[in-house]
Amino acid sequence: MKKFILVLLLSLSYLETATTLQLLLNNITTNGRLSGNVSDSATMRCEVVDNTADETLMWYRGTQQVDIKSENSVNISYVCIEKLTAEDHGVSFTCLLKSNTSMKLSVQLFVLFDPILTGDQQMFVEEGKDVQITCGFKANPAATMFWRQNNSVITLPSNFEEYMTTDSLQLTIKKAEKANAAYYSCVALLTNGTEVVQVIELIVEDRKVPLPVEAIAAAVVVGALVIAFGLFARRDKIIRCKKSRDDTAM
Ligand SMILES: *[C@@H]1O[C@H](CO)[C@@H](O)[C@H](O)[C@H]1NC(C)=O
Ligand SMILES: *[C@@H]1O[C@H](CO)[C@@H](O)[C@H](O)[C@H]1NC(C)=O
Ligand SMILES: *[C@@H]1O[C@H](CO)[C@@H](O)[C@H](O)[C@H]1NC(C)=O
Ligand SMILES: *[C@@H]1O[C@H](CO)[C@@H](O)[C@H](O)[C@H]1NC(C)=O
Ligand SMILES: *[C@@H]1O[C@H](CO)[C@@H](O)[C@H](O)[C@H]1NC(C)=O
């Protein structure tokens, strides 16, 4: 009886150790965050602890599996990013246990970088037409975004509308006037006073003069005359050749 209990205890404790296998990602047992400045390197280390045999690890970057060497996959595995970029911000790396993929841990990258602005350098609009000036932005930490017109803060005229999305600043000008031609600067202002600027030059072109009706009518008449003349000329030829055939028939 004692022997039986002992065996039972042993097997229970064996079961327990077999199932208390754990994952550690950057030394912690929970999902975490990894901060870094742009261009810094980042290292992620995933480790299996309390395992009784070789355990193979796998990595995903977002939903994409990461290629790792087989020698970097047993019991402990590293993924290194040589230089962090703005594109890495917010991306999650997940380490999974191959034998049981429900055992996994993630680390989300938090990359600090200067604001990145994008936009056309020049835009053209015909006087009287609407135009939308768009400045794309990406920033972490967040920046205050606003427009300047010829280096002065814009007090939006009534034909201007400002609109902001999570990744773009837009300025819509309704019925553009010549006076709206200017350098529009999309500004990203950081709390430390740093400014990143993207300048977009708006050129307001002359109204395109529509073709006068008389000119169009004259062109149509000329075209019709040419066609008629061509027909007459051909008819003349047809008649003539009929005549000549009549001649030969004779
Ligand atoms: C994790 O722990 C190891 C040793 O216990 C240590 O060398 C390493 O610096 C730690 N890594 C992190 C990211 O804390
Ligand atoms: C980023 O760089 C700044 C100074 O350049 C430093 O103070 C800060 O600690 C760095 N942040 C991280 C997450 O490495
Ligand atoms: C992996 O861990 C297990 C359990 O600790 C150990 O028996 C095995 O030798 C380790 N494998 C490698 C390649 O380190
Ligand atoms: C896989 O891991 C989960 C979470 O730790 C656990 O609940 C489950 O029993 C494991 N499945 C197997 C087949 O070991
Ligand atoms: C902006 O400056 C340009 C030349 O420097 C000037 O031609 C234009 O009229 C100015 N626009 C406004 C709205 O001040």
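Each ligand, and each atom within it, is numbered from 1 in the order the structure gives.
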Which residue from A181, A182, A179 reaches closest to atom 9 (O) of ligand 5 through any of its heavy atoms? A181

Heavy-atom side-chain contact between S106 and F93 under 4.5 Å: no

Please work out which of N150, V204, N180 has its closest non-hydrogen atom nearest to atom 11 (N) of ligand 5. N150

Heavy-atom protein contact below 4.0 Å for atom 5 (O) of ligand 4: yes

Looking only at side-chain N and O atoms, does S70 offer a donor or acceptor that is under 3.5 Å from a partner on S73? no

Would K178 and E205 pass as an ion pair if we require N to O under 4.0 Å? no

Check this for me: does any side-chain nitrogen of one of E55 and K98 sit under 4.0 Å from a carboxylate oxygen of the other? no

Is any heavy atom of the protein nearer than 4.0 Å to atom 14 (O) of ligand 4? yes

Is atom 2 (O) of ligand 2 touching the protein, meaning some protein heavy atom lies under 4.0 Å away? yes

Within the 4.0 Å heavy-atom shell around G36, which atoms of ligand 2 are there? 13 (C)

If you apply the rule side-chain hydrogen bond (donor to acceptor under 3.5 Å, both in side chains), what do you find for S185 with W147, and how did you get there? CA-CA 6 Å; S185 303; W147 290 104; over 6 Å; no

Is it true that R45 and E47 have a side-chain N and a carboxylate O under 4.0 angstrom from each other? yes

For atom 8 (C) of ligand 4, closest protein heavy-atom neighbour: N100 ND2, 3.7 Å

Around atom CG of N192, are there more than 12 heavy atoms from other residues, nucleotides or ligands closer than 6.0 Å? yes

Going by the atom numbers of ligand 2, which of them fall below 4.0 Å from some non-hydrogen atom of D40? 14 (O)

re atom 12 (C) of ligand 2, the protein heavy-atom contact at minimum distance is N37 ND2, 3.5 Å

